[in-house]
Structure formats: C-alpha cells, structure tokens
Amino acid sequence: MAFDSLFTGITGLNAYQSWIDMLSNNIANTATVGFKGQRMTFADLFYQQTGYPSGPSQTRGGINPIDQGLGVKVNTVDTQFAQGGLETTGINTDLAVNGDGFFVLRNVDGSSSPVYTRDGAFSLNSNGLLYDPASGLAVQGYTANQNGIITATGNPGDITIPIGLQEQATATGAGVKVGPNSTDKVFDMSLGGNLDQTQWSQQFLNAVGASANGGQTYTISTTLYDSLGNAHQATLTYSPDASGSTAATDTSTANGNISGAVSMAPSTSQNDTITIASNGAGAGYKITDTLGSTINATAGQTVTVGGATFTLSSPETAAGTTDTVTVTGATNGLPTTVQDASGNTHVPSTRWKVNVSFADGTQFATISTPGSVGAGGAITAPTYGTGSSGTIGYVYFDQNGQFINSSSIESVAAGQSLGANAAAYLHTAGGGTPAIAQGNQINVTTWGPGAGNNASAPTAGGAAPTPGAIGIDFSNNASLAGTSSANVISQNGYAAGTLSNISVGLDGTVTGSFTNGQQKTLAQVALATFQNEEGLQRLGGNQFGETAASGLAQVGTAATGRYGEIVSGSLEQSNVNLADQFTKLIVAQRAFEANSRGITTADQNLITVENLRASEN
C-alpha cells in the first residue's frame, strides 16, 4: 500500500536525520579537548509477512516466506575511544593520557559520585588544589607523606600542592644516604673523577731522590650545609702520597774489575745481582746479571746494568777475576695488599692523602699522626685532633686504577698488608659505618659562621647548628694515567627552600621543585579504566559517568598494567577525522534525499488512485 511507503520513508528520514545530527556534533567538537567521536549503526525496523513459508513435499520443492520491510531504525550510537593526537601547551598542569584511562574528578568535599574525563586542562586554584577550572571539580590522586613516599592504595583523594610550601633545611650527614651498592648506602657525600696516576709516580721519584720535583696535588671545593641551612665552603685536597718509599741501593765485592764507585739509579725497582768477569789482557769483560742480561764490554767502558752504572778498569785484570754488584730495589711504601669493603684483597699501586679545610673556621676531627703497621704486623693506632684544616684519610687504588679502600693507616713495614689485622681501620660493607679511623669521614664538632640563610630557614631560631659526622664515599674515584678530574658527585644536605614549580611524570607522579635546588615527590595523579568503556554515559562538559554497562571503575596509577601514560604540558586533541565526517555527511544527505523521494513517489501514487476513482464517477 502507498501508506506503507509513506511511513517507511518517514523512518528513513528520522534515521538519517539522526545520523546527520550525530555527524554535525562530531564536526562541531573537532577542537574540543579530549573529545571522543561517535559512530551510528542502523538496523531494519520490522517486517510484514505477506507470504508464508512451507517445507518441501513430494510434489513441490517448498515456498520461501515473503517478508516486506517497513523501515529503518538507529541501532547503536557508539563512542570511539581511539587515541587523539597530543598538542603541546607547555603548561605543567595540562595533562594528557596516552593510552587507556580517564582522569577522575569529584567534588572537593567528596559528596558526589566521581566523573571521568580525558580533558586534562587542569590548574591550581588559590588553595593549591589541582582541579578542573571548567567544572570546579577536584582532580583525584594520592598524596605523598613527609618523606615523599606514595601509597597508591584505597580511594584516591584531592591533590593539594601549595606553591610556596616550605622545605626544611637538612644538614649534610642527615639526608638520604648514598653508596656504591644497595648493601653499602651509608655515606653522605660521593666523590668521583680521576686522580692522575702519573702525579703519584712523580711523587715517588721525588721521595727516593730521583727527581727534584714532586707530584702535583688536586683540589676541589664543595658546599656543605649545617642543620640550620647555613652553607659552608669545604676544600678537599688530594695529595699523591709516597711516604715510606726507599731508594734502591747497591753493595759490591771489589776485585779490581770496577774503576771507581758504582752509581745507583734510586728508582730502580728490581733486585739484581750483577757479575763482572775479566776475559784477560786485551779481551775485555763479560757482564751478566740474574735478570738475564749479558754484555761484552771493553776496558774503560762505562756500563749500566740493572740500574747500576760503573766504569770497567783498564787494562783488564787477570782472566777469571770477578766482581759482583748486588742491587736492592726501591720500595714504594705501599702495603703488599689492601682489603676492600667486601673482604677481597688487591695489590695497591697508588695512595692519595686527603686533606679538608674550611675557610669559615668549621672544626672537625683530623688525623694528627697516621697509623702504621710494624714488621711483625703490629698496628700503631693513629692519633686524632681537631681543627679547621687537616688530614681525614688515605685512599688506596689498585694496579688498574680502581678504588680499593680508605684508611687512617699510612705507612707499613716491608711485606705487610692492610687486611684482617687492620679491620678496625678499613671500611666494611653490609653494616660498616664511616669513621675517622677508616679515613672516610668528616666529623664536624663545631660549625663556623658560614654563609647562612638563617633568616629564611624554618628551623632557625638562635640555637647553634647541630654538629655531626659526614661519611665520604670514594668508590667512584679512580687513579688512572690522565688528567685529574676529581669532583663532588653529590652531598645530601641543602638549605631551606620554597616550592616554586611542579612537574608531572609519565606515571602521574607530581614532583615539586624548590628554590634550594631540591626536588620532592608530592602526589600522584590517579587514572581509572573500565571493562567496557563504551558503556560509559556521556554527561557533557567532556565528562563521562559510570553505568551498569561500563562496569565499576578500576582506579590505579599511570604507566602500570593497562593504564596509559600521563604526558605533562600537553592536551589530547579530539579524535574526530574531518575528512571521514564530511564523506559520511554526504552519504547521509543523499540517503535523506532518497527517502524523501520515496515519500514523494508514494504521494503521487495516492493521487493517481484518487484520480482513478474520480474517473469512475
């Protein structure tokens, strides 16, 4: 019937008008932050059965049903949660989710149900609350405790970050400990860089008389802080230490083959026995040594063998006459071996004395007389004093230039080591605490006036700053042949400071930057995911609401599990593709026009029928 065509066409007009409306909404929100475009699907409405089916029989093959369709309907309107592009804004509180997840927003007093959004155009209000300025709702997350530790469990709450927050001053020695590994984080200051091994070699030559020039020292400076946040300039000086070195010596048996005295190179390192045998008149001399050298020399010739220089007698002595020169090599004054913090022994190659000084008069414990190890292994303990300048220890490096250990013991008898016998004077990992006896501590007894910031330090109030010990980690120092580059890697003290800026990491961690150069974890932004995010209800204002279809919100933190990352200083753009939307809009328009043609045709058919009735009359 023509009436059916009219109403079928109307369903088409309604459906495709709905599609045009949805496409228009997508296009209108092309620039909406975090907007997720929609798609529409259609389904046939219902059918009028004008022919009934029958099964096959012996005489006929069966009849299919005749179902006459009566229109179309909107089947679904789905939200497309594909990732939108990220637009860089440079504003730290602008956040974008790259991956799965929604920001969680709620009333400040927690009185409402949470809503969820991909629009991260957030800001800090006058109270330091991180919130959505468009709705006034607070961003939900987890707040760190005073130590900067976040426990991301339970229900998230409001995030408050008051710019201007004061950070207490922390004395060097009272901050977070550092160390070479997880079992030895007991130090407060870490030193690194190279100490030129050739300078130690030069100092050794000077010590044994082989050179008039000694090795060069190397000085670095750093700022240490007392408990009130006062800054104190400390100067650390590394000096190549060859104390206890002895020059090479010689003894000889004279039977006339050597004319004059033997000259010995003081830095000769190896023991040797040199034999000078006469070959008889006019035949010269044969010289051999225990190191494998053989030299045939003439009478009157000056010869150097094994560090010993001498002149052969002229004329030759009787054949078979021999002289011997016994060389005792130089010693470097270093222990035979030194035990490291893990109990392993190493052969030392260099030793550096470390001195500290404070220009402001800060007093600390010093080594007045270094300890020593005697010939039988007996240890003479060091003696200590106090001063604003002095030695704090001796640092040993192996033949590869790597740090072994530090100690307050400097000199050892020949053949002696620093090991179990000197355990009280060496650092031990896994429980050892830095000490002046180990040569790795600045034990401040009285702070000098410093370059303080007491006026702004929250802890200031007239009391003197608290003295304390500062453990020094030398494990990142090396002693290789090359330019010295020693430096202070870190120290755990700092002055008082004020929160001046924040940054947000990929995991949503909010880190505060203070005017004293310190950074501290303040909070972590929460994200929510859903088992069926297409089941969320669109609430307007770029917000979504939880429904029975979406399932319960699963709240957690970014960059873990299925949660996406949070990109600070960016906003997620709409994921609407304009080219796609315009193409579909053309299709929707043509479909709408075609359905209107169906109505027009049905109308013409009705007019024709009416005319037929008029002609009958």
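Since the model is a prediction, treat every value here as computed from it, not as a measurement. Position 1 is the first residue of the sequence, and the numbers go up from there.
Taken from OH in Tyr425 to CD1 in Ile436, the straight-line distance is 12.5 Å, to the nearest 0.5 Å. For the atom pair OG1 (Thr498) and CG (Leu165), the distance works out to 8.5 Å, reported to the nearest 0.5 Å. Distance CD/Gln140 to CG/Leu130: 10.0 Å, rounded to 0.5 Å. A distance of 5.0 Å separates CZ of Arg562 from CG of Asp100, quoted to the nearest 0.5 Å. Once rounded to the nearest 0.5 Å, the distance linking OG1 of Thr483 with CD of Gln199 reads 9.5 Å. Here Lys520 contributes atom NZ and Phe514 contributes atom CZ; the two are 6.0 Å apart, rounded to the nearest 0.5 Å.
When only modelled atom types and interatomic distance are considered, Tyr225 and Gln491 share no side-chain donor-acceptor pair under 3.5 Å. A donor and an acceptor atom, one from each side chain of Glu410 and Ser243, are located under 3.5 Å apart. Using a 3.5 Å distance cut-off with no hydrogens or angles, the side chains of Gln339 and Asn344 do not pair a donor with an acceptor. With 3.5 Å as the limit, one finds no donor-acceptor pair spanning the side chains of Ser357 and Ser389. Side chains of Asn405 and His346: a donor-acceptor N/O pair is absent below 3.5 angstrom, by distance only. There is no side-chain donor-acceptor pair under 3.5 Å between Thr217 and Ser239. Between the side chains of Asp473 and Asn440, not a single donor N or O lies within less than 3.5 Å of an accepting N or O. A donor atom on one side chain and an acceptor atom on the other are found under 3.5 Å apart for Thr89 and Asp94. No hydrogens or angles considered: a donor-acceptor pair under 3.5 Å links the side chains of Thr391 and Asn355. A side-chain donor-acceptor contact under 3.5 Å links Asn26 and Gln581. Counted by atom type alone, Thr223 and Gln233 present one or more donor-acceptor pairs between their side chains at under 3.5 Å.
Atom CD of Gln363 has more than 12 neighbouring heavy atoms from other residues, nucleotides or ligands inside a 6.0 Å radius. Residue-environment remark: CG (Asn501) exceeds the threshold of 12 foreign heavy atoms within 6.0 Å.
Looking only at side-chain heavy atoms (C-beta outward), Leu480 and Gln197 stay at 4.5 Å or farther from each other. Inter-residue side-chain proximity for Asn477 and Tyr238 is flagged as met; some heavy-atom pair is nearer than 4.5 Å. You'll find the side chain of Val567 stays beyond 4.5 Å of the side chain of Leu95, heavy atoms only. Using a 4.5 Å cut-off on side-chain heavy atoms (C-beta onward), Ile470 and Leu224 make contact. Side-chain contact between Phe397 and Trp352 is present, with heavy atoms from C-beta onward closer than 4.5 Å. Counting heavy atoms from C-beta on, the side chains of Ile502 and Thr511 never come closer than 4.5 Å. The closest side-chain heavy-atom distance from Val178 to Asp188 is not below 4.5 Å.
Between Phe403 and Tyr396, the gap from one ring centroid to the other reaches at least 6.0 Å. In summary, the aromatic rings of Phe544 and Phe81 are positioned with their centroids under 6.0 Å apart.
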- [ ] Report the C-alpha separation of Phe474 and Val354 in whole Å, then their side-chain angles, then the decisive distance to 0.1 Å, and conclude whether the side chain to side chain contact (heavy atoms under 4.5 Å, CB included) test is met.
- [x] CA-CA 11 Å; Phe474 294 100; Val354 181; 4.0 Å; yes

TODO: Output, in order, the C-alpha distance, side-chain angles, deciding distance and verdict of side chain to side chain contact (heavy atoms under 4.5 Å, CB included) for Val139 and Val525.
DONE: CA-CA 8 Å; Val139 178; Val525 177; 4.1 Å; yes

Open item on the list: Could you walk me through whether Thr30 and Phe35 satisfy the side chain to side chain contact (heavy atoms under 4.5 Å, CB included) test, starting with their C-alpha distance in whole Å, then the side-chain angles of each, then the deciding distance to 0.1 Å, before giving a yes or no?
Closed with: CA-CA 8 Å; Thr30 301; Phe35 180 79; over 6 Å; no

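Nearest approach of Arg351 to Pro335, heavy atoms of both residues: NH1-CD, 4.4 Å. Contact record, Gly448 with Thr362: N-OG1, 2.9 Å, taken as the closest heavy-atom pair. Taking both residues in full, the closest heavy atoms of Ala558 and Gly508 are given as CB-N, 4.2 Å, listed atom of the first, atom of the second, then distance. Contact detail for Ala469 and Gln441: the closest heavy-atom pair is CB-NE2, 3.4 Å. The minimum heavy-atom distance linking Pro348 with Val338 is given by the pair CG-CG2, 4.0 Å. Between Gly385 and Ser368 the shortest heavy-atom distance is N-OG, 3.2 Å.
In this structure, Thr143 contributes its side chain and Ala523 its backbone to no donor-acceptor pair below 3.5 Å. A donor-acceptor contact shorter than 3.5 Å links the side chain of Asn575 to the backbone of Ala82. Put simply, the side chain of Asn492 gets close to the backbone of Val176: a donor and an acceptor are under 3.5 Å apart. Without hydrogens or angle criteria, Arg118 side chain to Phe103 main chain gives no donor-acceptor distance under 3.5 Å. Of the possible polar contacts, one joining the Ser112 side chain to the Asn107 backbone as a donor-acceptor pair under 3.5 Å is found. For Asn487 (side chain) and Ser485 (main-chain N/O), a donor-acceptor pair under 3.5 Å exists by modelled atom type.
Evaluated for a side chain to side chain donor-acceptor pair (under 3.5 Å) with Lys36, the options Glu533, Glu534, Glu572, Gln83 yield exactly one hit, Glu572.
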